[in-house]
Amino acid sequence: QSQVLDAAEEAQDLELLGRLMLRTSARNQLHGSVIAIQHHGHNDLIQLELPGGLTLNAHITRDSTQRLELSLGTPVVALIKAGWLELQPLQAPRTAQHNALEGHIEQILPANDGPSEVRVSLSNGQTLCASIEPERLAALRLTVGDPVRAQFAASQVLLGTQL
């Protein structure tokens, strides 16, 4: 980034760079690469491989696949909002057709008047952050150190690539 900014001498160049850089509210940003693209009508199912051999699916429009110039091997960032993650103990039945990443609860940050933040450490070193209502967390009886599964639909995964 510093090399890009050093090269941008004109004010309008800096304005353009500002519009092209992205900040996101999505708490989960998982890095991986495309390992399969399956066409389904106007949509595509993109399979990603994350470090450590973990995989997940993203369901996006064909237009998005083309605009992002996705092909096998393309490095991508998968964005998943914390509220989209459903946490459950490993012994609970898995929801069919959903992504399921397993890990251990690293930290639980309770909130005074809203959902708690639960951080899940994945086997590949990446971390997921889930937003979960205190009543749900209590019902699941999940505590720090517990193994857990984070599930989410492929349609809840947003993809991004570098420019």
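Values below: all heavy atoms of this structure, side chains included; hydrogens, waters and symmetry mates excluded. Keep in mind it's a predicted model, so treat the numbers as computed, not measured.
When side chains are defined from C-beta on, Leu159 counts as touching Leu68, because their heavy atoms get closer than 4.5 Å. Counting heavy atoms from C-beta on, the side chains of Arg94 and Gln151 come closer than 4.5 Å.
Under the 4.5 Å side-chain heavy-atom criterion for Ile, Leu, Val, Met, Phe, Trp and Tyr, Leu128 and Val144 are members of the same hydrophobic cluster. The hydrophobic cluster containing Leu72 also contains Val76, counting ILVMFWY residues as joined when their side-chain heavy atoms lie under 4.5 angstrom apart, directly or transitively.
Here the CG-CD1 distance, from Leu140 to Ile132, works out to 5.0 Å after rounding to the nearest 0.5 Å. Here the CZ-CG distance, from Arg136 to Leu142, works out to 8.5 Å after rounding to the nearest 0.5 Å. The structure places CG of Leu45 at 10.0 Å from CD1 of Ile37, a figure rounded to the nearest 0.5 Å. From Ile46, atom CD1 reaches atom OG1 of Thr65 across 4.0 Å, with rounding to the nearest 0.5 Å. To the nearest 0.5 Å, atoms CG (Leu122) and CG (Asn124) are separated by 5.5 Å. Distance check, rounded to the nearest 0.5 Å: SG of Cys129 to CD of Gln107 gives 9.0 Å.
Contact between Leu87 and Val120 at its shortest, heavy atoms only, is CD2-CG2, 4.1 Å. The two atoms that bring Ala111 and Ser116 nearest to each other are N-OG, 4.1 Å, heavy atoms only. Closest non-hydrogen pair, Phe152 versus Trp84, comes out as CB-O, 3.7 Å. Of all non-hydrogen atoms in Val118 and Leu137, the two that sit nearest each other are CG2-CD1, 4.2 Å. Across every non-hydrogen atom of Val157 and Ala78, the tightest pair is CG1-CB, 3.8 Å. Between Val77 and Gln29, the shortest heavy-atom contact is CG1-CB, 4.0 Å.
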Q.
Would Asn28 and Leu85 count as a side-chain contact (heavy atoms from CB on, under 4.5 Å) here? Give the steps.
A. CA-CA 10 Å; Asn28 300 297; Leu85 295 179; 3.6 Å; yes

Q: Assess whether side-chain contact (heavy atoms from CB on, under 4.5 Å) is satisfied between His31 and Gln126, documenting all intermediate values.
A: CA-CA 9 Å; His31 299 270; Gln126 293 182 329; 4.1 Å; yes

Q | side-chain contact (heavy atoms from CB on, under 4.5 Å) between Glu69 and Arg67, intermediate numbers included | A | CA-CA 5 Å; Glu69 299 177 6; Arg67 192 170 22 82; over 6 Å; no

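The side chain to side chain donor-acceptor pair (under 3.5 Å) check on Asp146 picks up Thr143, with sequence neighbours excluded. Listed by chain and residue number, Ser71 satisfy the side chain to side chain donor-acceptor pair (under 3.5 Å) test with Thr74 (two or more places apart in sequence, or in another chain). Partners of Arg62 according to the side chain to side chain donor-acceptor pair (under 3.5 Å) rule, which considers only residues two or more places apart in sequence or in another chain, are His39, Asp44. In terms of the salt bridge (Lys or Arg N to Asp or Glu O under 4.0 Å) criterion, residue partners of Glu102 (sequence neighbours excluded) are, by chain and number, Arg149.
When the shell of 6.0 Å around NE2 of His42 is examined, it contains 12 or fewer heavy atoms from other residues, nucleotides or ligands.
Proximity of a side-chain donor or acceptor of Thr95 to a complementary backbone N or O of His98 within less than 3.5 Å is not detected.
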Side-chain donor-acceptor pairs under 3.5 Å in residues 47-57, sequence neighbours left out?
none

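For residues 103-121, the pairs satisfying salt bridge (Lys or Arg N to Asp or Glu O under 4.0 Å) are Arg27-Glu117, Glu117-Arg119, with sequence neighbours left out.
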